[in-house]
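Lettering of chains follows the sequences in order, A, B, ..., and the numbering in each one begins at 1.
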There are 2 protein chains.
Amino acid sequence: MKTQEAGSGLRERKKQRTRDALLRSALELFTTKGYDRTTVDEIAEAVDVSQRTFFRYFTSKEETAFAVQDMVESRFIAILRERPAAESPFEALRAAVLDAWDTLGESIEEVVPVELHMRTYQMIESTPSLIAVHLRRSTEVEEEIARVIAEREGLDVETDPRPRVTVAAFSGVMRLAGRLWGAGEDISVESIRAVTESYLDQLGPVLAGKWRAK
Amino acid sequence: MKTQEAGSGLRERKKQRTRDALLRSALELFTTKGYDRTTVDEIAEAVDVSQRTFFRYFTSKEETAFAVQDMVESRFIAILRERPAAESPFEALRAAVLDAWDTLGESIEEVVPVELHMRTYQMIESTPSLIAVHLRRSTEVEEEIARVIAEREGLDVETDPRPRVTVAAFSGVMRLAGRLWGAGEDISVESIRAVTESYLDQLGPVLAGKWRAK
DNA sequence: TGTCAACTGTCAGTCGCTGTCATTAGCCTC
DNA sequence: GAGGCTAATGACAGCGACTGACAGTTGACA
């Protein structure tokens with residue numbers, strides 16, 4: 001979230017460098033030797049700072065694993081807000097995810113190479129303790145999305161459950177896509193984009209009970 | 001899961017008693033002073049065993065919080081399997097959850113009072129670290145449910161994504177219901193049953209784009 | 001009754017994480 | 001450009017979840 005900002009003084013730049021270095025080292029270590037087998041001490045040591053300093057930049061070991069995801073998510077929300085009001089909620093959501101995947105590089109590359117991020121994502125999807133956190137974070141994002149949808153439709157999230165219900169179903173399918181992608185071989189962005197798209201397109205028919213349609 | 005079984009020998013009975021005592025003390029402590037503020041040492045002390053012994057009954061502190069949920073879930077699966085084949089997947093899921101809520105006591109009461117379980121559930125829904133685990137566990141259950149649905153419809157889960165997509169949407173709404181219930185005042189079983197029912201009934205219309213229908 | 005195996009307690013150690021306090025090093029003023 | 005201010009860091013101690021190792025205890029069963 002606050003990962004950018006050139007930073008004027010030497011102090012600021014130094015901090016930024018330390019943070020970035022910690023983040024990259026962490027992700028690199030996580031994706032190579034596994035999250036659980038990586039200790040915070042190792043991450044700190046790789047950047048040559050004390051463990052205590054690590055915890056001044058990140059509130060937890062987990063946080064490093066999701067720092068980039070965080071950026072991607074806020075980008076998604078931003079894109080969603082831009083969608084034309086004419087689209088139905090579900091259409092807008094669908095279009096926004098696909099757009100987000102198509103322009104992933106633009107939101108990330110400055111901090112971390114896209115490839116490392118994809119590897120990180122896959123690592124998250126295959127690490128039980130991180131899957132748990134991932135899911136909880138997703139619900140928080142869901143809440144935000146629901147608010148955006150409600151706004152689009154001129155509804156009140158607290159009294160009208162439909163925005164949340166829509167988002168809940170949408171997110172359920174999103175997570176399914178992420179999970180299956182993570183279990184597969186192809187780590188490319190195109191691959192997860194494709195899975196996402198095809199699954200979303202099945203949601204309507206499937207719920208309508210059209211199981212025979214090919 | 002393996003919480004029942006009368007147990008023949010003295011040894012078995014003793015073990016069962018220790019386990020039950022640990023479980024109840026844990027849940028009681030969790031719901032009174034909060035999960036994070038309860039230490040494993042306290043739980044062990046309340047039952048007068050060593051901390052090490054606690055970890056021989058439960059692999060983690062978390063596990064105790066979900067031990068009862070575990071029973072409820074397997075019951076739900078069992079009920080789902082019994083649903084008539086004539087029902088559509090979604091109808092069967094809907095009916096099974098409601099049935100499960102209606103007969104909650106029968107599957108639980110022997111180990112833990114229903115009221116304590118409800119309080120535990122609410123505590124889970126309001127404890128971030130447990131929400132995370134709860135969600136991960138939910139996806140595991142989802143997978144199982146998807147298999148049952150696939151079986152019903154004579155499909156292969158691995159190749160046909162429709163069972164999973166259906167379950168994903170269904171579970172998304174289920175979790176939403178749980179979350180909102182947990183945030184409310186009414187801890188009763190009836191209350192969560194009602195929320196569940198009403199939300200599930202909105203899924204179809206909402207996805208079909210029928211936002212104006214009252 | 002004595003032997004075996006299961007169960008338990010004790011102790012030491014790892015890892016994530018936090019509070020405290022002294023030290024370092026940008027920054028800003030005079 | 002020396003000195004004071006303060007943010008940033010390091011070093012250390014300690015807590016809580018969890019694990020391995022080893023020794024003691026207690027049901028099970030011949």
Side-chain angles (χ1 to χ4, degrees), chain A residues 2-3 5-23 25-27 29-30 33-67 123-124 127-133 136, chain B residues 2-3 5-23 25-27 29-30 33-67 124 127-130 132-133 136:
Chain A
K2 50 176 175 182
T3 319
E5 297 146 40
S8 39
L10 167 60
R11 200 176 230 155
E12 284 306 310
R13 268 177 287 135
K14 218 170 173 181
K15 271 174 65 179
Q16 191 60 49
R17 243 182 295 143
T18 306
R19 198 196 133 94
D20 287 355
L22 281 171
L23 185 51
S25 296
L27 298 188
L29 283 166
F30 292 165
K33 44 184 298 191
Y35 179 79
D36 293 325
R37 277 180 300 282
T38 303
T39 68
V40 174
D41 282 317
E42 288 173 322
I43 302 170
E45 199 174 353
V47 183
D48 206 55
V49 295
S50 70
Q51 193 222 48
R52 195 66 184 85
T53 294
F54 171 92
F55 282 109
R56 286 190 177 109
Y57 282 94
F58 300 95
T59 60
S60 66
K61 183 178 159 186
E62 282 167 15
E63 198 184 311
T64 58
F66 292 98
M123 177 220 94
I124 291 172
T127 305
S129 57
L130 291 184
I131 293 177
V133 179
R136 188 198 48 195
Chain B
K2 50 177 177 180
T3 318
E5 297 144 40
S8 37
L10 166 61
R11 197 172 237 159
E12 284 305 310
R13 267 176 287 135
K14 219 171 172 181
K15 269 173 64 180
Q16 190 61 48
R17 243 182 295 141
T18 306
R19 197 195 132 94
D20 287 354
L22 280 171
L23 185 51
S25 297
L27 298 188
L29 284 166
F30 292 165
K33 45 185 295 191
Y35 180 77
D36 293 326
R37 277 180 300 280
T38 304
T39 69
V40 174
D41 282 317
E42 287 172 322
I43 303 170
E45 200 174 352
V47 184
D48 206 55
V49 295
S50 71
Q51 192 221 49
R52 196 65 183 87
T53 294
F54 171 91
F55 282 110
R56 285 189 178 109
Y57 281 94
F58 300 95
T59 60
S60 65
K61 182 179 161 187
E62 283 166 14
E63 198 184 310
T64 58
F66 293 98
I124 290 172
T127 307
S129 58
L130 291 183
V133 179
R136 188 198 47 197

_Between the base of D/dG27 and the side chain of B/R13, is one N or O donor paired with an acceptor at under 3.5 angstrom?_
no
*asked:* Can you tell me whether the side chain of B/R37 and the base of D/dG16 have a donor-acceptor pair closer than 3.5 Å?
replied: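 There is none.
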*Atom CZ of A/R11 and atom C1' of C/dA25: how far apart are they, to the nearest Å?*
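Atom-to-atom, A/R11 to C/dA25, this comes out as 7 Å.
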_Atom-pair distance (CD on B/Q51; C1' on D/dA17), nearest Å_ = 7 Å
*Within the structure shown, what part of the strands sits under 4.0 Å from A/T38 by heavy-atom distance: base, sugar-phosphate, or nothing?*
sugar-phosphate
Within the pair [X] and [N], is there a side-chain N or O less than 4.0 Å away from OP1 or OP2?
X     : N      : value
B/Y57 : C/dT8  : yes
A/T53 : D/dT9  : no
B/K61 : D/dC18 : no
B/K14 : C/dC7  : no

*Please assess A/L23 against A/F58 for the test side chain to side chain contact (heavy atoms under 4.5 Å, CB included), listing each intermediate value before the final yes or no.*
CA-CA 9 Å; A/L23 185 51; A/F58 300 95; 4.2 Å; yes
*Could you please name the option among D/dA17, C/dT18, C/dT8 that lies closest to any side-chain atom of B/T39?*
D/dA17
*Pick one: which of B/R37, B/K33, B/Q51 meets side chain to side chain donor-acceptor pair (under 3.5 Å) with B/E42?*
B/K33
